[in-house]
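Notes follow the structure.
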Amino acid sequence: MLRLTEIIGTASEPHIAERLHSLSHRGAVEYVTLRREDTSRKRLHVFTDRGTEGAIILDRSEQLANGSVLLLEEQRAVVVRLEEAPWLALEPRDAAAALELGYFCGNMHWKVRFVGEYLHISLQGPRADYLERLSHLIADGRVSVVGNE
Amino acid sequence: MNSIVPGTLAPRTKTGTTSAARVGVGGPVGSGKTALLEQLIPRFIARGTNLAVITNDIATKEDAERVRRSGLIAPERVAAVETGACPHSAIREDPTLNMQAADDLEAKFPGLELILIESGGDNLASSFSLDLVDYWLFVIDVAGGDDIPRKRGFGVLTCDLLVINKTDLAPYVKTDLPRMVREANEVRGGRPVLLTNCAAGEGVDAIVEHLAREVLFDR
């Protein structure tokens, strides 16, 4: 198991980007795909896109991010890639519906963002599960589904 | 067994500080979280894992005292957090008290490899902040009803490992255990589910092996 115990830098740093570019020509850059919420973890059992089994073991002060470089050697590099969660976009019918929708999402501890008159919910599971939970608001038209990204 | 057998030192990072794995144990009231702790502690100590424990209670140190008196682990390695509010507040919304307790244990016991953090008993929607833990278990039990998994509680759905405890009671509480396990696997999309009878220690070895593989990486 490959032990990855530090964040060397980010893939966008010029001196690192240059080395990654060179390694990529030899097919020697491996990617670990993480969900955004998993970047808070300091220990992760992972597999790279090439199937290499790895153990991420970081100090509590370290923070994983998109592009974090966990290994940078002559023959191989390992880089973190974030898998963006899809969003469910909802449109409340009026202010009262918006209040109720906001309260309900908070009560469910869902992660949301506000986009103009829409509320977006970060889907951490099947979309159908969220629609089921919201069915009492959707059924009578207080909230409409706009779609998801 | 009342002494700690230090294992190998946890890996050190470029900052030179030791980083112990932090594992949460959550679940409803009475599902067997403390009983599971009492089964996990001697097994981790026996395998040489340098271990400490944090328990959470609403207004007392009941669970901490239970673990300290158990003789399974040196009492000073058991820290108590009084949440003073809904238990999930201290493990999710604002886990500062638990993070501080974990930091204190790491400072007090250099080389610590694993901190088990037991939540106070809560409901099916409770969950751990990943700012606090690296991995978390959610413990339910057959006596709570075989419909619990299909109720799709947030904790059941999102935990890293779902533990169904008190399997020995299934015949006495008319729980269809195979159905409960099947539905747990369905709602969790194939993420791990393990069965235990913590009263007798059945199934606990598999949890130790699972945690060793997923967060300790030491074997």
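Atom set for the values below is all heavy atoms of this structure, side chains included, hydrogens, waters and symmetry mates excluded. Each chain gets a letter, A, B and so on, in the order the sequences are listed, and its residues count up from 1. Everything quoted here is computed from the prediction, not taken from an experiment.
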B:R47 and B:T49: side-chain hydrogen bond (donor to acceptor under 3.5 Å, both in side chains), yes or no, with the steps? CA-CA 6 Å; B:R47 71 189 294 282; B:T49 304; 2.9 Å; yes

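Side-chain rings of A:F114 and A:H120 stay apart, their centers remaining 6.0 Å or farther from each other.
No part of B:A125 comes within reach of chain A, as not one of its non-hydrogen atoms sits under 4.5 angstrom from that chain. Only the side chain of B:R92 comes within contact range of chain A, judged by heavy atoms closer than 4.5 Å.
Contact tally against chain B (heavy-atom pairs below 4.5 Å) for A:K42, A:H109, A:M1, A:E37: the top residue is A:H109.
Of the possible polar contacts, none joining the A:D49 side chain to the A:E30 backbone as a donor-acceptor pair under 3.5 Å is found.
Between A:W110 and A:Y130, the angle of the ring planes lies from 30° to 60°, which puts this pair in the tilted group.
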